[in-house]
Participant: 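Take a look at the following structure, please.
Reminder, nothing fancy here: chain letters follow the sequence lines and each chain counts from 1.
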Amino acid sequence: MPELPEVETIARGVDRRLRGDSILSAWFSSYKEPFKTPPDEMQAALPGLRIARVRRVGKHIVADLAEKSVPKSVPKSAKKSARKAAPPARTRAATEQQLLVHLGMTGRLLIAAPEVPLPPHTHAVLSLASGRELRFVDPRRFGRIGLVSGFTGPGREPLTISQDDFATLFRGRKLAIKAALLNQSLLHGVGNIYADESLFRAGIRPARVAGRLSRERLNRLHEALRAVLLEAIRAGGSSVSDYVDADGVAGFFQIQHRVYLRTGEPCLVCGTPIRRIVLAGRGTHFCPYCQK
DNA sequence: CATTTCACCTGGTGGC
DNA sequence: TGCCACCAGGTGAAAT
């Protein structure tokens, strides 16, 4: 399901519910695909960590994990502090762990009570101090979970990149602008829907060579992309709870697509039938009249 | 290096 | 109803 707006919506929902909770234990399925970090490693590392914050980076959901602060009333000094001189500052920042979740095409994060039966294709379950479980479910197994630190994502953020930097990304590139938009090491977070939708709004044919687009057209694309992503985030915000909660998979309240999956239907602006081609291996939808 | 193609999976849909 | 081809919002490895 997930491109930037969906992942943003999910990350916000999980953050609101789980921030401050901590991990008691972790279970992982026996498939190997979903894991970027060996499950036994995660199983060993996760218990005791506190979920400090959950946020989105590109299409990734990042949970910042912190050592559970030890209550001061239990000074361990009596036991061991004498043996090793403690390092002066806890410069933990560099080693701070992050749980990384990529939803692939069909991944879902669910928060449920333990007594709710596990849905089919559940690949990870974190038991939390609050008594709830965070579950990762993914039939197609394109999603990934891993433990990392210092994750910044493969590319630049479409919502915050400047017009100048946006234009620079495509300089000298000979690939189609649509393929460039999908390349996560340039911009991260844009997927097939919002690539098509932003190109439509900017009036640009998906097959145009990225490096040959005028600065003016790139500026228009920059703005169209921001606009459609923000609109989608606003629309998605209303259904976060349905998505994240136990078994409510109501899906997203999506904005109306203007070209995506509208092959043969009339363009909403000029009435010309929307055309579908395959570009960069993906179904690509555009209006042959409005997009030049 | 830049770019393209393809494999990786399961499930839903629509035609026959 | 059953069977089958095709499509799906993702990526990374392999090929070009």
Participant: Taking atom P in both C:dA14 and B:dC9, what distance in whole Å separates the two?
Facilitator: 15 Å
Participant: Walk along nucleotides 6-13 of chain B from 5' to 3' and tag each nucleotide B, S or - by protein heavy-atom contact under 4.0 Å, base first, then sugar-phosphate.
Facilitator: --BBBS--
Participant: Could you pull out all donor-acceptor pairs under 3.5 Å where a side-chain atom in residues 45-56 of chain A meets a protein atom, sequence neighbours excluded?
Facilitator:
residue: A:Arg55; atom: NE; partner: A:Asp64; partner atom: OD2; Å: 2.7
residue: A:Arg55; atom: NH2; partner: A:Asp64; partner atom: OD1; Å: 3.1
residue: A:Arg56; atom: NE; partner: A:Glu8; partner atom: OE1; Å: 2.6
residue: A:Arg56; atom: NH1; partner: A:Gly58; partner atom: O; Å: 3.0
residue: A:Arg56; atom: NH1; partner: A:Glu157; partner atom: OE1; Å: 3.1
residue: A:Arg56; atom: NH1; partner: A:Glu157; partner atom: OE2; Å: 3.1
residue: A:Arg56; atom: NH2; partner: A:Glu157; partner atom: OE1; Å: 3.0

Participant: I need the CD-C1' distance between A:Glu3 and C:dA8, as an integer number of Å.
Facilitator: 12 Å
Participant: Could you tell me which residues satisfy side chain to side chain contact (heavy atoms under 4.5 Å, CB included) with A:Thr37, sequence neighbours excluded, listed by chain and number?
Facilitator: A:Glu41, A:Met42, A:Leu147
Participant: Distance check needed: C:dG9 C1' versus A:Arg262 CZ, whole Å only.
Facilitator: 18 Å
Participant: I want to verify a distance call: between C:dA8, B:dT4, B:dA2, whose nearest atom is closest to the A:Arg173 side chain?
Facilitator: B:dA2
Participant: Dot-bracket for DNA chain C, please, read 5' to 3', with Watson-Crick or G-U wobble pairs under 3.5 Å on both distances, ( ) within the strand, [ ] crossing, | other strand, . unpaired.
Facilitator: .|||||||.|||||||
Participant: Treating A:Glu3 as the side-chain partner and A:Gly191 as the backbone partner, does any N or O pair qualify as donor plus acceptor under 3.5 Å?
Facilitator: yes
Participant: What is the distance from CG of A:Leu103 to C1' of C:dG9, rounded to the nearest Å?
Facilitator: 11 Å
Participant: Sequence neighbours excluded, which residues qualify as ring-ring contact (aromatic ring centres under 6.0 Å, His included) partners of A:Tyr260?
Facilitator: A:His257, A:His285
Participant: Which side-chain N or O atoms in residues 165-176 of chain A pair as donor and acceptor under 3.5 Å with protein atoms at least two apart or in another chain?
Facilitator:
residue: A:Asp165; atom: OD2; partner: A:Arg156; partner atom: NH2; Å: 3.2
residue: A:Thr168; atom: OG1; partner: A:Asp164; partner atom: O; Å: 2.9
residue: A:Arg173; atom: NE; partner: A:Leu169; partner atom: O; Å: 3.1

Participant: When the distance from CG of A:Leu279 to P of B:dT5 is rounded to whole Å, what number comes out?
Facilitator: 9 Å
Participant: So, using side chain to side chain contact (heavy atoms under 4.5 Å, CB included) as the criterion, who are the partners of A:Ser130 when residues are at least two apart?
Facilitator: A:Asp21, A:Leu128, A:Arg132
Participant: Under the ring-ring contact (aromatic ring centres under 6.0 Å, His included) test, which residues partner A:His123, sequence neighbours left out?
Facilitator: A:Tyr31
Participant: What is the distance, rounded to the nearest whole Å, between atom CG of A:Leu169 and atom P of B:dT3?
Facilitator: 13 Å
Participant: Please collect all side chain to side chain donor-acceptor pair (under 3.5 Å) contacts where either partner lies in residues 198-214 of chain A, sequence neighbours excluded, each pair once.
Facilitator: A:Arg201-A:Glu231
Participant: Suppose we screen for salt bridge (Lys or Arg N to Asp or Glu O under 4.0 Å). Which residues come up paired with A:Arg258, at least two apart in sequence or across chains?
Facilitator: none
Participant: Which atom pair, heavy atoms only, marks the closest approach of A:Ala112 to A:Val116?
Facilitator: CB-CB, 4.3 Å
Participant: Looking only at side-chain atoms of A:Ala179, point me to the closest of B:dT3, C:dA8, B:dT4.
Facilitator: B:dT4
Participant: Where along nucleotides 11-16 of chain C does protein come under 4.0 Å, by heavy atom, of base (B) or sugar-phosphate alone (S), with - for untouched nucleotides?
Facilitator: B-----
Participant: May I have the distance from A:Leu181 (atom CG) to C:dG9 (atom C1'), rounded to whole angstrom?
Facilitator: 15 Å
Participant: Return the value, rounded to whole Å, for the distance between atom CG of A:Leu4 and atom P of C:dG10.
Facilitator: 11 Å
Participant: Under a single-linkage definition using a 4.5 Å side-chain heavy-atom cutoff for Ile, Leu, Val, Met, Phe, Trp and Tyr, are A:Leu18 and A:Val125 assigned to the same hydrophobic cluster?
Facilitator: no
Participant: Check the distance between C:dC7's P and A:Asn192's CG and give it to me in whole angstrom.
Facilitator: 13 Å
Participant: Tell me, please, which residues at least two apart from A:Phe151 pass ring-ring contact (aromatic ring centres under 6.0 Å, His included).
Facilitator: A:His60
Participant: Take atom P in B:dG11 and the same atom in C:dG12, then report the distance between them in whole Å.
Facilitator: 23 Å
Participant: Roughly how far apart, to the nearest Å, are C:dG9 and B:dT3 at atom C1'?
Facilitator: 23 Å
